[in-house]
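Shown next, in C-alpha cells, is the structure this report addresses.
Remember, it's a predicted structure, so these values are computed and weren't measured experimentally. Both backbone and side-chain heavy atoms feed into the values below; hydrogens, waters and symmetry mates do not.
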Amino acid sequence: MRIPAPPRTTRRGTLRRARAVAGLALGAALLATACVPGTDGSNATRGGPGASTAIPDPAGAGKVTLTVWDQEIRGGTNGAIKELNDEFQEKYPNVRIRRVVRSFDNLKTTLKLALSGNNPPDVVQANQGYPDMVAFVQAGLILPLDTYAGIYDWNTRYPGTLLNLNRVSADGSTFGTGRLYGISQTGEYIGLYYNKDVLRDAGLEPPRTWADFTASLPRLKQRGELPVQFGNLDQFPAIHTFGVLQDQFDADQARDTVLGRGDGFDNASTRRAAATIVDWTKRGYLAEGANGLGYDDAAKQFASGDGAYLLTGTWLLADLKKSMRDRLGFMPPPPATAEGPPVTTGGQGLAWSVTTGTKHPDVAAAYLDFITNEHAADVMTRHGVLPAVPGRAADRVSPDTVDGQMIAGWKRLNAADGLVPYLDYATPTFYDTLSKNLQDVIGGKVSPDRLATTLDREYDAFSAKRRAGRAGTEDER
C-alpha cells in the first residue's frame with residue numbers, strides 16, 4: 001500500500017504506504033519483534049559468504065543494461081526518478097537504465113509473471129505485505145539485501161522500524177521481521193487537502209480538530225459547496241477514506257490487526273467507519289455518484305474549485321500544487337484535540353527490490369543506494385515529493401508552504417507514532433475484498449455489519465493458515 005496512488009494511467013491505483021525520521025515507530029511491537037538472527041541487517045557487515053567486502057563499483061562492471069520497473073508516473077515522483085536516473089547514467093556511462101513505467105494496477109497484475117519469465121527485470125518496485133512482497137519471497141523471485149544493507153549502511157540511514165516493513169521472515173510466513181527484501185524512497189500518508197478560498201468564503205478556518213472538520217461539513221453543504229471531493233471508480237480511494245475514519249475511532253486496534261496480532265475487523269471501529277461513509281453519502285457530503293467518478297477526475301475537480309476538502313495521499317501534492325498554487329493547504333487528518341497527537345493511515349512508498357533473475361546484482365544494489373541516499377532525498381524534496389528520510393533540503397522548506405505543511409505533518413506523525421499501516425497488508429487478497437465491499441457500502445448494497453463480518457472472516461481464515469504454517473515449520477525443525 002501502500003505509496004503514491006496513480007490513476008488508470010498512473011501510479012498506485014491502490015494504496016499506499018511508514019515511518020522515517022528519528023523517532024519513527026510503526027507500532028512498538030515491531031521494535032520488540034525478534035528478527036531471524038543475522039538476517040535483520042543489524043549484524044550485516046561489509047560483505048558475507050561469497051560476497052565482496054568492498055562497496056561495489058558499477059564502473060567496473062562492463063557494459064550493463066539495467067532494466068527497472070516502477071510505477072512512479074505522477075508529476076513529482078516521475079520527475080525525481082528521471083533526474084536521478086540521468087545522474088546515475090552520467091556517473092556510470094557504462095550503465096544504461098531501461099526504465100519500464102506502469103500504473104500500480106498494471107504493475108500489480110503483470111509483475112509476478114515478468115519476474116518468473118525468461119527475461120526478468122533487474123530492479124522492481126514491490127508492494128509490501130502479503131499480496132506481493134511475501135508472495136515474491138515465497139516464490140524465490142527477489143533477493144535478500146541484508147549484505148548490501150551492511151555495505152551501504154542502510155541500517156543507519158533508515159530507522160529500524162522503517163526497514164522492518166520491507167522484511168519477510170525466514171519461513172516466508174510473516175512480514176515485518178526477518179530478511180530485508182527492499183528499501184523505499186518515499187514516505188507517504190493520507191492527509192486532508194483543503195481549498196483555502198472555499199473555506200474562507202464559507203467563513204471557515206482550516207480545522208484544528210476532528211470535531212472542527214466534521215462540524216464544517218454541514219455548513220459547507222448548506223452554502224452549496226461540496227464538502228468532500230471523492231471519486232471511487234478505481235475502488236482504492238474508499239480504502240483510504242475508510243482507513244482514516246477507522247484510525248480516528250481506534251488506531252491501535254487497526255494497527256495491531258494489520259500487523260497480525262490484533263482481534264480482526266468484527267468490531268465497533270470497523271462498523272463506525274463504514275457507517276460514517278454511509279452517512280456522508282446520504283447527506284451529500286461526498287460527490288454524488290462517487291462510485292462512477294475516477295480518482296484523477298475527482299482530483300481535477302477539486303483543483304478547479306469543486307470541493308472544500310480532498311482526503312488522499314501525499315503523492316498527489318505536487319500535481320495539485322501546479323494548478324492550485326497558494327489556494328492549496330494540507331495537513332494530517334486533524335487530531336481529537338487542538339494540540340493532540342495526529343493519527344492517520346500511512347507508510348512508505350513501494351519497496352525497490354532486486355530480482356533473483358538479475359545478472360548484475362551489485363549494479364542493481366548500487367542503483368538502489370543511489371536513488372535513496374541523502375542527495376536523492378534532496379532531489380525528491382525539490383520535486384515536491386516526501387522522502388522517507390528527509391534531508392537538508394527538507395529543512396530549508398518554508399513551513400508556510402504546502403510542501404512545508406506536508407513535511408511538518410510527517411514529522412509530527414512519526415513523533416506521535418501516529419501512522420497506521422495500509423489495510424491491504426492484512427491478507428494476500430484483502431485489497432480486492434475490502435475495495436469491492438466498500439464500493440458496495442457506498443452503493444447501499446452492503447451494511448456496516450455485513451462489511452465487518454466479511455472482512456473478519458477473511459482475516460481469521462488467513463490468520464489460522466499462518467499459524468498452521470508456522471507450526472508445521474517448527475515441527476520440521
Any side-chain heavy atom of Gln89 within less than 4.5 Å of one from Val95? no
Separation of Arg99 CZ from Asp70 CG (nearest 0.5 Å): 4.0 Å
From Thr356 atom OG1 to Ile142 atom CD1, the distance as rounded to the nearest 0.5 Å: 8.5 Å
Please report the closest heavy-atom contact between Ala287 and Leu293, naming both atoms and the distance. CB-CD2, 4.3 Å
Given the rule in the salt bridge (Lys or Arg N to Asp or Glu O under 4.0 Å) test, do Lys436 and Asp440 qualify, once you have shown the distances and angles that lead to the verdict? CA-CA 6 Å; Lys436 180 185 183 304; Asp440 287 342; 3.2 Å; yes
Would you say that Thr372 contacts Tyr158 through its side chain, given a criterion of any heavy-atom pair below 4.5 Å between the two side chains? yes
Between Asp86 and Lys82, does at least one N-O distance fall below 4.0 Å, as a salt bridge requires? no
Of the options Phe462, Phe136, Tyr425, which is the one that meets Tyr130 in a ring pair (Phe, Tyr, Trp, His ring centres under 6.0 Å)? Phe462
With sequence neighbours left out, write down each residue that passes salt bridge (Lys or Arg N to Asp or Glu O under 4.0 Å) with Asp252, or none if nothing qualifies. Arg255
Please round to the nearest 0.5 Å and tell me the distance separating atom CZ of Phe430 and atom CD of Glu458. 6.0 Å
Can you list the steps and then say if Asp146 with Arg167 is a salt bridge (Lys or Arg N to Asp or Glu O under 4.0 Å)? CA-CA 10 Å; Asp146 301 281; Arg167 297 191 188 281; 3.4 Å; yes
In Å and rounded to the nearest 0.5 Å, what is the OH to CG distance from Tyr431 to Asn127? 10.0 Å
Once salt bridge (Lys or Arg N to Asp or Glu O under 4.0 Å) is applied, do any residues pair with Asp319, and if so which ones, sequence neighbours excluded? Arg74
Is the shortest distance from a Lys or Arg side-chain nitrogen in Arg396 or Asp403 to a carboxylate oxygen in the other one below 4.0 Å? no
Minimum-distance pair of heavy atoms, taken over all atoms of Gly391 and Ala377: N-CB, 4.0 Å
Quick one: does Ser184's side chain get under 4.5 Å of Trp352's, heavy atoms only? no
Once you measure the plane-to-plane angle for His240 and Phe236, does it fall in the parallel (<30°), tilted (30-60°) or perpendicular (>60°) bin? perpendicular
Is it true that the side chains of Asn85 and Tyr367 contain a donor and an acceptor less than 3.5 Å apart? yes
Would one find more than 12 heavy atoms of other residues, nucleotides or ligands at under 6.0 Å from atom CG of Asp395? yes
Ignoring hydrogens, what is the shortest heavy-atom contact between Ala351 and Met133? Give both atom names and the distance. CB-CE, 3.5 Å
What residues, two or more places apart in sequence or in another chain, satisfy salt bridge (Lys or Arg N to Asp or Glu O under 4.0 Å) together with Asp369? Arg157
Closest non-hydrogen atom pair, His360 against Thr358: N-OG1, 3.0 Å
Could you tell me the separation between the OG1 atom of Thr345 and the CG atom of Asp247, rounded to the nearest 0.5 Å? 4.0 Å
Applying ring-ring contact (aromatic ring centres under 6.0 Å, His included), run through Tyr189 and Phe330 and close with a yes or a no. CA-CA 11 Å; Tyr189 61 93; Phe330 181 74; 5.6 Å; yes
Answer with yes or no whether the side chains of Asp362 and Tyr148 bring together a donor and an acceptor at under 3.5 Å. yes
Rounded distance [0.5 Å steps], OG1 in Thr427 versus OH in Tyr459: 10.0 Å
Residues Gly404 and Val397: closest non-hydrogen pair is N-CG1, 3.5 Å
Minimum heavy-atom separation for Pro237 to Asn232, with atom names? CD-OD1, 3.5 Å
Checking the side chain of Gln185 only, and the main-chain atoms of Ile371 only, is there a donor and an acceptor separated by less than 3.5 Å? yes
Near-ring test Tyr92/Phe370, centroid separation under 6.0 angstrom: no
Donor-acceptor pair, side chain of Gln138 and main chain of Ser173, under 3.5 angstrom: no
Can you confirm whether the side chains of Gln125 and Glu72 place a donor and an acceptor under 3.5 Å from each other? yes
